[in-house]
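Structure, as structure tokens:
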Amino acid sequence: STGRTWSIVMEAQLAHRVSLLNQILRVSKLIIRDRINCVAGLSILFFGYDQGMMGGVNTAYDYYTRMGFGHQGPDGEPVVINSLLQGGIVSVYYLGTLVGCLVGGSLGDRYGRIKSIFLGALIAIVGACLQTSAMNHSWMICARLVNGWGTGILNAIVPVWATEIAEHKSRGQFVAIEFTLNSMKLLTTCIDHVSDRKPAVFGVVIAYWLEYGCSFYGDGTSSFIWRFPIAFQIPMLIVLAIVVLISPESPRWLAKMGRE
């Protein structure tokens, strides 16, 4: 009788420990899931923000006069005299993104997903700092190229890493969150150029409203109007770099490299 009682007590303690361990594992899975969502969300949010940012920057007086592609007209509106330079500054970012995407896959396979994402965020931070401090169009073109390179690496690696590390039950959730942050339908028609309810990039919306608020700063000639929106992407990238460093590596890549 005493032995049976002792056995029941031991079984109860074991069941309690197993239950506690399951709770810890469940919490751990939730933490990992939140980290993946954070990295994937910030990556695509940064991409969208950087896409829309130049729309407002191009209309800032200090920017288009400093870059040398325009001047202020009699009505106070910008007059572009060198559209090739204006468009080149904007589009060179996508050239950098293309190079980053092509290089990113190789980096991810050779050095791992985590290191590649961190490198992409670091390069993007350098590019954003260079853009914020740009003093002429040559400086800005180089900065946009560097920024695009980092963005391309992130776009190539983050979706792969997220799907490889996620449970099979939650992979669809990660993809849905990523593309929800990337594209979503505007339900209102308060802005003329989206009144036909075309898909709008969420990061672009943030960029537009931030630049709209900055346009009221001072007398409209301050460099803050365009430098602050460019610098605003830096905190997003810093958080992304920090979170990814405390996130687990892709099991698929570890298995491929013969590591447990």
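The residues of the chain are indexed from 1 along the displayed sequence.
The two residues S247 and V243 come nearest to each other via the heavy atoms OG-O, 2.7 Å. Annotation for D219 and S222: closest pair OD1-N, 4.2 Å, computed over non-hydrogen atoms. Nearest heavy-atom pair across V99 and W149 is C-CD1, 4.1 Å. In this structure, A207 and G52 approach most closely via the heavy-atom pair CB-C, 3.9 Å. For A156 against C101, the heavy-atom pair with the smallest separation is CB-O, 3.8 Å.
By the 4.5 Å heavy-atom criterion applied to side chains, R252 and V160 are not counted as neighbours. Residues L130 and C142 have side chains not in contact (no heavy-atom distance under 4.5 Å, counting atoms from C-beta outward). Using a 4.5 Å heavy-atom threshold, the side chains of V92 and M140 count as separate.
More than 12 non-hydrogen atoms from other residues, nucleotides or ligands lie less than 6.0 angstrom from CZ of F69. Taking a 6.0 Å sphere around CZ of F232, one finds it holds 12 or fewer heavy atoms contributed by other residues, nucleotides or ligands. More than 12 heavy atoms of other residues, nucleotides or ligands shown are found within 6.0 angstrom of CZ on F224.
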Q: Take V90 and R144, measure what side-chain contact (heavy atoms from CB on, under 4.5 Å) needs, and give me the verdict at the end.
A: CA-CA 8 Å; V90 175; R144 294 280 292 169; 4.2 Å; yes
Q.
Apply side-chain contact (heavy atoms from CB on, under 4.5 Å) to residues I117 and L240 and explain how you reach the verdict.
A. CA-CA 9 Å; I117 295 173; L240 190 155; 3.8 Å; yes
Q: Could you go through the side-chain contact (heavy atoms from CB on, under 4.5 Å) check for Y61 and I225 one step at a time?
A: CA-CA 9 Å; Y61 171 80; I225 296 174; over 6 Å; no
Q: For side-chain contact (heavy atoms from CB on, under 4.5 Å), just list the numbers for N147 and Q233, CA-CA rounded to whole Å, side-chain angles, deciding distance to a tenth of an Å, and then say yes or no.
A: CA-CA 11 Å; N147 193 245; Q233 62 189 300; 3.8 Å; yes
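Each of V57 and V79 belongs to its own hydrophobic cluster when Ile, Leu, Val, Met, Phe, Trp and Tyr are linked at side-chain heavy-atom distances under 4.5 angstrom. Grouping the Ile, Leu, Val, Met, Phe, Trp and Tyr side chains by contacts below 4.5 angstrom, directly or via other members, places L102 apart from V146. If you chain together hydrophobic residues whose side chains sit under 4.5 Å apart, Y217 and M53 fall into the same group. I81 and I89 fall into different hydrophobic clusters, where Ile, Leu, Val, Met, Phe, Trp and Tyr side chains are chained together by heavy-atom contacts under 4.5 Å. With hydrophobic clusters built from ILVMFWY side chains whose heavy atoms lie under 4.5 angstrom apart, F118 does not share a cluster with I246.
Panel note: side chain S215, backbone Y212; a donor-acceptor pair is recorded below 3.5 Å. Without hydrogens or angle criteria, S223 side chain to D62 main chain gives no donor-acceptor distance under 3.5 Å. Checking side-chain atoms of E164 against main-chain N and O of W161 turns up no donor-acceptor pair under 3.5 Å. In this structure, the side chain of Y49 engages the main chain of P229 through a donor-acceptor pair within 3.5 Å. For the pair R227 (side chain) and T132 (backbone), a donor-acceptor distance under 3.5 Å is present. Between the side chain of E249 and the backbone N or O of R113 there is at least one donor-acceptor pair closer than 3.5 Å.
How far CD1 of I242 is from CD1 of I238: 7.0 Å, rounded to the nearest 0.5 Å. From I157, atom CD1 reaches atom CD1 of I114 across 10.5 Å, with rounding to the nearest 0.5 Å. In this structure, OG1 on T151 lies 3.5 Å from OH on Y93, to the nearest 0.5 angstrom. Atom CG of L119 is separated from atom CD1 of I153 by 5.0 Å, given to the nearest 0.5 angstrom. Distance check, rounded to the nearest 0.5 Å: CG of N58 to OH of Y63 gives 5.0 Å. Distance check, rounded to the nearest 0.5 Å: CD1 of I125 to CZ of F46 gives 9.0 Å.
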